[in-house]
Each structure stands twice: as structure tokens, then as C-alpha cells.
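Notes follow the structure.
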Amino acid sequence: MALIKGNGARNWVVGTGGIYSQKTLETASQLQSFDKLVTSSSWHPLAAPNPTFAENSRKLWGGNVNHRTALTYDATRTLITAIEMQQQPSHEGMQHTIASQNFSAKGATGTIEFDAKGDRQNFRPDLVHIVKCPKERFGLAFVPVKYPTAAAAGLKCD
């Protein structure tokens, strides 16, 4: 957060999902400008490959969930699917099943597949930036960079 404050919007600050947080919004709310701050996010409800997950989670929790919740859902769906694919689930069987070309699960971030080494395939995080939105906590919100404003993202900020 000190880097963001000290930068004074002179240079672009591009961060990992670690700065996609309420703490960053709180810090940004104290700045004159946050126009040059972009971060990656493994999932955002406005760019969700699985809109059903975003809709159902909103109904269940009374609002949007964050990217960590979406990834946790993906991990759970991965485990459930791999267990269901085995007659007698085991640790070794899980690894073999998940790495097989036949493995696929539907998650919050899209289709979940892995290569033989266990690396996730077809996973594309989104870039997000901060926009003003007075009705949100700290008066700001993260939205995908394809939306220049809160209104363009469909947020109701008035």
C-alpha cells in the first residue's frame, strides 16, 4: 500500500491478485487519483465465464463473492468430480484422474482441466481497475478494465 500511496499516480502500478482487496480500495479512497492502478483477478462477477455461479452466489450470500471464493469453489468441484470418476478413490488415483485427458469439471472460472504435470489449462485471469462508486464501501469498486466507469459496468452507484 505504501507503493501505491508513494507513487502519486505518476507511474502505472500493476499488481497481482494480492492487491485485489478491500485494503487496496481503502488506500485508493485516500488518493487524489488511482487511474494508473491495474491488478489481475482470477475471477470477477462481471466477467464470469460461469454466470450461473455468480448469480447463485449473489442469491446465497446477499452480494457478490470474491475471487478467493470462486477459486475455492473450483477446487471443490475438482475434488468432487475426481472422486466421482474413481471406483475406489485414493490419493494416487486423484492425481492420476485429475491429470488425465478425460478429466474436466465445470467451475466458477470456467472449464477446469489440467495437463500431465498438474498445471491448470485454459485459465485466464482478468485485469481489473478501480472506479468511483459512492454506494460501495470506500466509494470505490473493482471492475474489469473493459469497463471505463461504474455505469459502463452496470453498477448502480447513484
Side-chain angles (χ1 to χ4, degrees), residues 1-82 98-99 103-158:
M1 297 308 130
L3 173 68
I4 294 169
K5 285 182 181 179
N7 180 47
R10 289 184 303 275
N11 302 299
W12 281 94
V13 175
V14 181
T16 63
I19 65 170
Y20 179 40
S21 69
Q22 290 294 311
K23 182 70 175 163
T24 301
L25 293 177
E26 180 180 17
T27 299
S29 72
Q30 301 164 17
L31 302 174
Q32 287 184 327
S33 175
F34 41 80
D35 293 338
K36 291 186 175 182
L37 176 63
V38 177
T39 185
S40 67
S41 174
S42 50
W43 180 84
H44 192 284
L46 295 175
N50 179 352
T52 304
F53 173 80
E55 184 181 316
N56 289 343
S57 63
R58 236 184 325 275
K59 288 177 186 174
L60 181 63
W61 296 104
N64 288 322
V65 296
N66 65 33
H67 62 287
R68 289 178 185 94
T69 302
L71 288 178
T72 301
Y73 178 84
D74 281 7
T76 304
R77 290 300 320 148
T78 298
L79 291 173
I80 290 169
T81 302
I98 291 170
F103 181 82
S104 177
K106 185 176 180 181
T109 61
T111 301
I112 305 165
E113 297 173 318
F114 300 90
D115 65 17
K117 294 180 182 179
D119 293 326
R120 176 97 183 252
Q121 299 297 294
N122 305 316
F123 181 67
R124 293 183 174 67
D126 290 306
L127 292 178
V128 297
H129 67 129
I130 299 172
V131 296
K132 292 181 182 181
C133 186
K135 286 196 173 184
E136 294 290 325
R137 188 171 182 199
F138 306 117
L140 304 171
F142 283 105
V143 298
V145 295
K146 68 181 179 181
Y147 302 113
T149 65
L155 299 180
K156 305 218 183 319
C157 296
D158 300 330

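Since the model is a prediction, treat every value here as computed from it, not as a measurement. Sequential numbering from 1 along the given sequence is applied to the chain's residues.
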Checking the side chain of [X] only, and the main-chain atoms of [Y] only, is there a donor and an acceptor separated by less than 3.5 Å?
X: N50; Y: G107; value: yes
X: T72; Y: R68; value: yes
X: Q121; Y: D119; value: yes

Enter the distance from [X]:[atom1] to [Y]:[atom2] here, rounded to the nearest 0.5 Å.
X: L127; Y: T39; atom1: CG; atom2: OG1; answer: 8.0 Å
X: H67; Y: S40; atom1: NE2; atom2: OG; answer: 8.0 Å
X: L46; Y: L155; atom1: CG; atom2: CG; answer: 5.5 Å
X: T24; Y: I130; atom1: OG1; atom2: CD1; answer: 6.5 Å

Would you be so kind as to tabulate the donor-acceptor pairs closer than 3.5 Å made by side chains of residues 54-63, with sequence neighbours excluded?
unit_1	atom_1	unit_2	atom_2	d
E55	OE2	K59	NZ	3.3
N56	ND2	T52	O	3.4
S57	OG	F53	O	3.0
S57	OG	A54	O	3.0
R58	NH1	N64	OD1	2.6

TODO: Evaluate side chain to side chain contact (heavy atoms under 4.5 Å, CB included) for V128 paired with Y20, printing each intermediate quantity in order.
DONE: CA-CA 8 Å; V128 297; Y20 179 40; 4.2 Å; yes

- [ ] For the pair R120 and D74, find out whether any cationic side-chain nitrogen is under 4.0 Å from an anionic carboxylate oxygen.
- [x] yes

Open item on the list: Please list all pairs meeting disulfide bond (SG atoms under 2.5 Å apart) that have one or both residues in residues 105-156, counting only residues at least two apart or in different chains.
Closed with: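 The answer is C133-C157.
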
Task: Pairs where residues 31-68 contributes a residue and the test disulfide bond (SG atoms under 2.5 Å apart) is met, not counting sequence neighbours - done: none

Open item on the list: In this structure, is the centre-to-centre distance between the rings of F142 and H129 below 6.0 Å?
Closed with: no

- [ ] Any chance you could lay out the side chain to side chain contact (heavy atoms under 4.5 Å, CB included) test for F34 and K132, step after step, and finish with the verdict?
- [x] CA-CA 10 Å; F34 41 80; K132 292 181 182 181; 3.9 Å; yes

Task: Q22 side chain near F138 side chain, heavy-atom distance below 4.5 Å - done: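 SC-SC contact between Q22 and F138 confirmed.
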
TODO: Please report the shortest heavy-atom distance between A47 and D126, naming the atom on each side.
DONE: CB-OD2, 3.4 Å

- [ ] Using the side chain to side chain contact (heavy atoms under 4.5 Å, CB included) rule, take R124 and N122 through it: C-alpha gap first, then chi angles, then the decisive distance, then the call.
- [x] CA-CA 6 Å; R124 293 183 174 67; N122 305 316; 4.0 Å; yes

